[in-house]
Amino acid sequence: MTTYTILIILSGLVIFSYLFDLVASKTKVPSVLLLLLLGIGLRLLVDNLKIQTFNFLSILPTLGTVGLILIVFEGSLELKYDRHKNKVIKSTFFSALSILLGTTSVITTIIYQISHHDLYTCIANAIPFSVISSAIAIPSAAALNNKDKEFVIYESSFSDILGIIIFNFTITNHSVTTSAFIGLGLSTFLILLLSAIACVVLLYIMGRLVHHIKFFLIIAILILVYAIGQSYHLSSLVLILSTGLFLNNADTIQNVWFRSIFLYRNLTADLSQLYQLSAESAFILRTFFFVIFGFTMNIGELNDKIVLANGFFILITIYLIRMLFLKIFKKDTLGPILYIAPRGLISILLYFNLPASLKIPEVGTPFLFLVVLGSSIVMTLGITLSKRNSIVH
């Protein structure tokens, strides 16, 4: 494949993704779903033309990780904090935690019935299917009212963070002991301390940089700290979320010393540019990630009736548990929020990070693909029907 052919394909994918975003804003069909279908279509075309390609699975985790960082950072840069939001933050945190634990418990039972592996292995495999993907949920919430949009951003970000914490805890501790929980407490304290330091240092750097290239440096530092934290099994997504929140709310801190040292005249303009850069970079990475994931799928494996039936059971489980806990933690009408529980980038990343010894053949990539695709379709239909009902009423 020549250089120019590769450039044509890459630029064509970005153009298609942009068009898909326009379609998504009009039809409420998530662009991710269209990107997955585009990837499948390209795979069928490549197979028919017998074109040689390389193993795209090798770059998928890296693309997904950087995409996740940028999507969560972009979402957190939109959030303004005030004391009245404590209630929302508290309810979204406990909603995300309860739904994650409840869904993991039931999906563990389903996987155990499918595979008859030991309980520990089944739990490790259930976690990726139980985490809401902020990479899909946050862009899909753009059409909602501010209150619901805020709920989705907080809930999906908390779901990602808690999912990573529980996943790391599970794969590093084969049994639940006191020392395991002490280790969890210590790692949580370390990441919170690291987050606090990173927030202050990044804000200080932003105010002192005079070079015309500054925002990619900030993002590079964030990715570097995230990668270092993750390599030590720290849940570094906490750092990304807290940094975005801190930067966007630094101007509300009234301490005179803090304001004199850290705040500067162009902060608002710089944050606007940082948000724009994060959003556009996340768009590019999301495009390539989901097209490649669709491309790597062998859709012939989806003809398996057992895979279809089990995937269907998992989807029902996801929405039943979600409805149950949302009625507890979200007192007002659920509306489209009930259906915004997509599985996507984070589920795929956690699945690929499962050690080879824990992977269950019966719960392979076709199974994962089915749940990702199915949850996106349910979300699309749910948002569309909710909007239609609100117009009728």
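- No more than 12 heavy atoms of other residues, nucleotides or ligands sit less than 6.0 Å from atom CD1 of I306.
- Minimum interatomic distance between G163 and I127 (heavy atoms only, all atoms of both residues): O-CG2, 3.9 Å.
- The ring-ring contact (aromatic ring centres under 6.0 Å, His included) analysis of residues 294-327, with sequence neighbours excluded, yields the pairs F56-F295.
- Nearest heavy atoms, V131 versus S159: CG1-O, 3.4 Å.
- In this structure, K359 forms a cation-pi arrangement with Y351, its terminal cationic atom sitting closer than 6.0 Å to the ring centre and no more than 45° off the ring axis.
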- Task: Evaluate the side-chain hydrogen bond (donor to acceptor under 3.5 Å, both in side chains) criterion for residues S156 and S134: first the C-alpha distance (whole Å), next the side-chain angles of each, then the deciding distance (0.1 Å), finally the verdict.
- Result: CA-CA 5 Å; S156 60; S134 59; 4.9 Å; no
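- Sparse packing is recorded around OH of Y204, with 12 or fewer heavy atoms of other residues, nucleotides or ligands lying under 6.0 Å away.
- N248 and Y275 share no donor-acceptor pair across their side chains, judged by distance under 3.5 Å alone.
- Counting only distance, with no hydrogens or angles, the side chain of S260 and the backbone of W257 share a donor-acceptor pair below 3.5 Å.
- Side-chain polar atoms of T104 and S130 form a donor-acceptor pair below 3.5 angstrom.
- Between L247 and M206 there is a side-chain heavy-atom pair separated by less than 4.5 Å.
- N125 and T121 get closest at one heavy-atom pair: ND2-O, 2.8 Å.
- Counting heavy-atom neighbours within 6.0 Å of F246 CZ, excluding the residue itself, gives a total above 12.
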- Task: Step by step, work out the ring-ring contact (aromatic ring centres under 6.0 Å, His included) result for F129 and F367.
- Result: CA-CA 10 Å; F129 294 94; F367 199 77; 5.5 Å; yes
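- In the hydrophobic cluster analysis, where Ile, Leu, Val, Met, Phe, Trp and Tyr join through side-chain heavy atoms closer than 4.5 angstrom, Y112 is grouped apart from L358.
- More than 12 heavy-atom neighbours from other residues, nucleotides or ligands sit within 6.0 angstrom of CZ on R208.
- D270 and K214 are joined by a salt bridge, as a carboxylate oxygen and a charged side-chain nitrogen come within less than 4.0 angstrom of each other.
- For R286, the salt bridge (Lys or Arg N to Asp or Glu O under 4.0 Å) criterion is met by D21, not counting sequence neighbours.
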